[in-house]
Amino acid sequence: MIKLLIVDDEQIEREGMQTILERNFPGLLIKQAKNGKMAVEMADDYTPDLILMDIKMPGLNGLEAVEQISAKHPNTKFIMVTAYDTFGYVKAAIQLGVKDYILKPSKVSEIKTTVGKVLEQIVQEKAQQIKTKLQEAALEKTLTLVETDVVTQLLFDHVHEVHIDMLMELLDIPSTNEMFAMIVLLPRGSESNYSMIKDKVRQTKSGWVGALYGNQLPIIVFRQPDKTFRSQASTLARDILTISKKGQAIDWFIGIGEVCSSLDQVRQSYQDALMATMDTKALTNYRFYTDIHTSVDAHNSSLDKNQQKEMADLIRLGQWGDVYIYVMNILQCYEKEGADLLRTQQRMLEILWITSRILNEIGVEATTPLYSVQTTNYRQLRSETKQLLEGMKQSYDSHCNHLEADTIQQIKQYIIDHSHQDISLDTLARKVGLSPIYISKMFKEKQGINYIDFLTECRMEKAKRLMSNSEKSIKEITFEVGYHDPNYFSKVFKKMTNVSPKEYRKTLLRNKAN
């Protein structure tokens, strides 16, 4: 509803104007002010869209009132009402941004025309504001999906280099030259805290939050040059832990990986963070990866960084034969070196625990592996380690056997049918009942490209078809194929076709004419 304020020191003038307006513009909400001072005061609470302001009033005159109201409410529009048709008044009114003026006395038709013109402008502007807000809301939703997908694919997959830079351009948190990963472990029933954690990280303007997988929430944090790494990470960890409800804080835990120098290396920092969460019994409820190795040299460490990454990749790919060899070789090395049996058992449990965590990431329900008793010799340790690995392999095989043979085709068809919508890994995961990480891995293995690449191809093909219709603008096509920013659409289109949308359309229409 459009709100209008009539300002005039003569009541009969106010009443007459309101009657004319109500007859010709039903639906207006109209109030009156008897002087300029009252109009200024009412503008704060009433916030009128349009004010019909008399110029000549005692005390604060109309032009002075307009100046004061405009300073605080720049979107309010004004029509001056005056009996003085002089250049001086008109010029002053124009300088203040007044839209038009009505001379006293005026015909009803003149009032109707003048007011109607400004009201139409207000209606158009309100419609545009609503449209802009809807677009901003849609873009915000898109950015959230982009953020979680970028984190997921950086940590568990490989994003196609054509798209990672453009996706990062959309995010309002810029990347820097150094970054590190964090993992927040949440107890069962605290999933509702996800949005609060995301807001807390966004407030720092230094991190990207991924999707919640099981009880693990991954975060990529970019280094702030004005803080030390440990200071920045500790502060963020403590801020996140403050979200936990009373009584639950003891069950929250955060692992913090080492700093890396590029997004290509952030998967290793994630593995570091995973290792740091192995033992959640700490006074601070968070642990740095570097702290778990301060008293243990590389010789005694169960897996170095490259081994951790290679081991994780083998598990995600389901190459269990290689996993067995990997683990047994490590165990054999400890045995040959005559390492302490209890220490070796702890190291093997660390490896098995990592295996279990990675299985949980890809949607495989695997219980946390534990040795039944403290082993008394290496033969018993080998036997129990094999049994625990076999149990996790069976969980993996059972999970895979439940997959539908046409899962990939289902995903592809869903993307084709809904390419104009915001599709995330979570959306696809819910559609086929699998974990987002597993979907990402499986799609790339079977199709040779990421799902984002496939979605982009579908959108570009649809855009090409729509461009044959010369009546559709590029902006309309942008929204119709699923993008919310014409500039971003144009960048993607040119990246995929080597020509801009306008150039493509010109060529298409020229060939069609010939």
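Each residue takes its place number in the sequence, starting with 1.
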Output the distance between atom CG (Asn469) and atom CZ (Arg505), rounded to the nearest 0.5 Å. 7.0 Å
Is there side-chain contact between Ser234 and Phe288, with heavy atoms separated by less than 4.5 Å? yes
Close side-chain approach of Asp44 to His73, heavy-atom, < 4.5 Å: yes
Hey, is NZ on Lys112 packed in by over 12 heavy atoms from elsewhere, all under 6.0 Å? no
In terms of heavy-atom contacts, Phe78 and Ser70 come closest through CE1-OG, 3.2 Å
Looking at every heavy atom in both Ser244 and Trp252, which two are closest together, and how far apart are they? CB-CE2, 3.3 Å
Count the heavy atoms belonging to other residues, nucleotides or ligands that lie under 6.0 Å from CD of Glu457, then report whether that count exceeds 12. yes
Working to the nearest 0.5 Å, report the span between CD1 of Ile254 and CG of Leu241. 4.0 Å
Spacing of Met392 atom CE and Asp397 atom CG [to the nearest 0.5 Å]: 12.5 Å
Output yes when Arg230 and Asp291 qualify as a salt bridge under the 4.0 Å nitrogen-oxygen rule, no when they do not. yes
Do the side chains of Arg430 and Asp426 get close enough for a salt bridge, i.e. N-O under 4.0 angstrom? no
Would you kindly say whether Gln128 and Gln124 are connected by a side-chain donor-acceptor distance under 3.5 Å? no
Counting only heavy atoms from other residues, nucleotides and ligands, does the tally under 6.0 Å from NZ of Lys462 exceed 12? yes
Do Trp320 and Glu390 have side-chain heavy atoms sitting under 4.5 Å apart? no
Ignoring hydrogens and angles, state whether a donor on the side chain of Ser424 or Thr427 is under 3.5 Å from an acceptor on the partner side chain. yes
Any ion pair linking Lys464 and Glu461 (charged N to carboxylate O, less than 4.0 Å)? yes
Interatomic distance, CZ@Phe489 vs OG@Ser500, rounded to 0.5 Å, equals 10.0 Å
Between Asp199 and Gln203, do the side chains contain a donor N or O and an acceptor N or O under 3.5 Å apart? no
When rounded to the nearest 0.5 angstrom, what is the spacing between CG in Leu5 and CG in Asp49? 11.0 Å
Judged by modelled atom types alone, do Ser261 and Gln265 share a side-chain donor-acceptor pair under 3.5 Å? yes
Smallest heavy-atom separation, Gln224 atom then Ser206 atom, equals NE2-CB, 3.5 Å
Let's go through Thr235 and Thr204 carefully: what are the C-alpha distance in whole Å and the side-chain angles of both, what is the deciding distance for side chain to side chain contact (heavy atoms under 4.5 Å, CB included) to 0.1 Å, and is it a yes or a no? CA-CA 10 Å; Thr235 300; Thr204 68; over 6 Å; no
Rounded to the nearest 0.5 Å, the CD atom of Gln413 sits from the CG atom of Asp417 at a distance of 4.5 Å
For Ile415 and Phe454 the tightest heavy-atom approach is CG2-CD2, 3.7 Å
Are Lys494 and Val499 packed together at the side-chain level, in the sense that at least one heavy-atom pair is separated by less than 4.5 angstrom? no
Do Phe229 and Ile256 have side chains that approach each other closer than 4.5 Å (heavy atoms only, starting at C-beta)? yes
Indicate yes or no: at least one non-hydrogen side-chain atom of Asp422 is less than 4.5 angstrom from one of His484. yes
